[in-house]
Visitor: 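The following block contains the structure, expressed as structure tokens.
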Amino acid sequence: MKLISLLLASILIPLNTMSQTPPNYNESKVPALHLPDPFVSEKGKLIHTVEDWEKTRRPEIFRLFESEVYGQLPKDFEAISFEVVKENANPFSQIADLEEVNITVGRNGKSHTIRINFFLPKPQKGPFPVILLINYLPNYPDGKLVDEAFWPVRELIQRGLATASFHVETVAPDDAKTYQNGIISTLYPEQIGKSDGLKAFGAWGWAAMRAMDYLEQHPRIDSKKSVLVGHSRTGKTALWTSANDPRWAITYANESGCGGAALSKRKFGETIEAINTRFPHWFADNFLKYNGKEESLPLDQHLLPGLIAPRAVYYSSAREDRWADPKGEYLGIQLGSRIASEIYGKKAVFEKEFEEFEGPVHLESVGYHIREGAHDLTWEDWRIFLEFVEKNLD
Ligand code: GCU
């Protein structure tokens with residue numbers, strides 16, 4: 001199933017982008033970068049201290065991402081309840097307990113239910129650190145809960161970690177025509193039609209926050225040791241979620257590319273126009289203004305890790321995944337980690353240029369690796385990332 005979807009994706013990219021400018025894969029054609037300075041406020045004030053950052057510059061940057069890129073992520077609701085149901089067999093019953101949890105959220109007399117699947121090591125009682133993966137792969141036709149290549153539950157459990165996942169389809173369908181048919185039209189209809197309104201990434205991020213509401217009150221979970229993981233489109237989502245929700249200790253975006261880790265102004269691989277054309281339901285409508293006009297964006301993705309600092313951020317790339325622009329992803333974290341190092345005093349300086357390092361680079365609160373091969377979240381990615389988790393979850 002997964003292989004088919006990957007093959008389809010690689011076939012679809014050239015076909016769908018044919019009517020637009022073809023993607024640039026030539027480094028010598030990357031324009032000179034003029035990136036907004038994280039350390040100068042909109043009024044020209046120099047930003048040196050944690051207070052300058054948290055009171056002045058961070059809110060400015062957050063508002064820009066909210067209005068120009070991702071759209072609002074509403075935080076209000078009236079009621080939330082959790083119900084553990086038993087619908088599927090536990091594929092790991094020897095080593096883990098399974099909780100299938102319906103999370104029902106109410107607002108303005110309406111309600112919506114999302115489902116998380118949650119495995120806890122047994123027979124230990126915990127409290128355990130927890131990893132939440134945002135899943136968007138096609139639903140498994142036989143109804144099974146886990147594709148182990150993508151979500152290595154067994155290995156995580158064997159390392160003493162609890163792990164949960166939800167599918168984006170239970171929140172907002174990943175489809176340009178139907179994406180509102182979840183929480184957007186039910187719980188937040190006033191967002192529809194706003195140029196900075198809630199779109200699919202915000203909706204999926206909202207669901208990750210509701211999952212955290214469950215994990216936070218769970219007696220067997222140490223929610224201070226929580227890790228949010230997303231691949232590709234859900235890597236972009238994970239970053240925006242964590243910018244909105246300080247409860248995640250570590251945020252991992254694997255191969256999140258355009259609109260995630262990678263600098264948009266490089267216009268290498270996927271561009272803003274390409275992503276907005278194929279996936280108009282992901283970002284705020286305001287993001288359309290920058291189709292073919294990356295130079296006029298008042299921000300770039302190097303400012304995103306700073307919204308998560310001093311909490312940990314981890315990126316990874318695959319060498320053949322040129323569509324996601326590995327160098328742009330590296331620059332995103334290399335430049336983005338300056339908030340962690342210069343404002344929060346973390347040992348978080350990426351010394352090497354992209355071309356000269358082999359990696360992985362595991363620093364204090366930031367990390368990166370690149371592996372051989374194509375676009376995918378593989379066990380190799382998880383294995384290297386888990387080494388970072390071990391060092392950064394204390
Ligand atoms: C497409 C899209 C990317 C996205 C990817 C994925 O390739 O262009 O932006 O990251 O799908 O989510 O797999």
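The shown structure was predicted, so the numbers you read here are calculated from the model rather than taken from an experiment. Quick note: residue numbers are just sequence positions, from 1. All ligand and atom numbering here is 1-based and tracks the order in the structure.
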Visitor: Based purely on interatomic distance, does S232 place a nitrogen or oxygen under 3.5 Å from a nitrogen or oxygen of ligand 1?
Guide: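 Yes.
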
Visitor: For the pair H34 and E295, evaluate side chain to side chain contact (heavy atoms under 4.5 Å, CB included) and give the outcome as yes or no after the intermediate values.
Guide: CA-CA 8 Å; H34 301 287; E295 51 295 332; over 6 Å; no

Visitor: What atoms in ligand 1 come closer than 4.0 Å to a heavy atom of F279?
Guide: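 Once the distances to F279 are compared, the set is 1 (C), 2 (C), 8 (O).
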
Visitor: Check whether the ring centres of W323 and F268 lie less than 6.0 Å apart, and answer yes or no.
Guide: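 Not close enough - the centres of the two rings lie 6.0 Å or further apart.
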
Visitor: Among Y314, F388, F357, which residue meets the side-chain contact (heavy atoms from CB on, under 4.5 Å) test with Y368?
Guide: F357

Visitor: Kindly identify the option in R278, E270, R233 whose heavy atom sits closest to atom 9 (O) of ligand 1.
Guide: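 Closest candidate by heavy-atom distance is E270.
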
Visitor: Is there any N or O on W282 that sits under 3.5 Å from an N or O of ligand 1?
Guide: no

Visitor: Under 3.5 Å, N or O to N or O, is H231 touching ligand 1 that way?
Guide: no

Visitor: Mind listing the side-chain donor-acceptor pairs of residues 153-163 below 3.5 Å, one per line with the distance, residues two or more places apart or on another chain?
Guide:
unit_1: T163; atom_1: OG1; unit_2: I131; atom_2: O; d: 2.9
unit_1: T163; atom_1: OG1; unit_2: W151; atom_2: NE1; d: 2.9

Visitor: Please confirm whether the ring centroid of W282 lies under 6.0 Å from the ring centroid of F201.
Guide: yes

Visitor: Please identify which atoms of ligand 1 are closer than 4.0 Å to at least one heavy atom of Y136.
Guide: 6 (C), 12 (O), 13 (O)

Visitor: Of the backbone atoms (N, CA, C, O) and the side-chain heavy atoms from C-beta on, which set of I275 has a member under 4.0 Å from an atom of ligand 1: side chain, backbone, both, or neither?
Guide: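 The part of I275 near ligand 1 is the side chain, not the backbone.
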
Visitor: Can you list the ligand 1 atoms lying under 4.0 Å from a non-hydrogen atom of K236?
Guide: 3 (C), 4 (C), 9 (O), 10 (O)

Visitor: Do N26 and S28 get their side chains close enough for a donor-acceptor pair, meaning under 3.5 Å?
Guide: yes

Visitor: Thinking salt bridges, do D52 and R57 make one under a 4.0 Å N-O criterion?
Guide: no

Visitor: Between S256 and ligand 1, is there a nitrogen or oxygen pair with a distance under 3.5 Å?
Guide: no

Visitor: Heavy-atom contact check, 4.0 Å cutoff: does E255 meet ligand 1?
Guide: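 For ligand 1, residue contact (heavy atoms, under 4.0 Å) with E255 is absent.
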
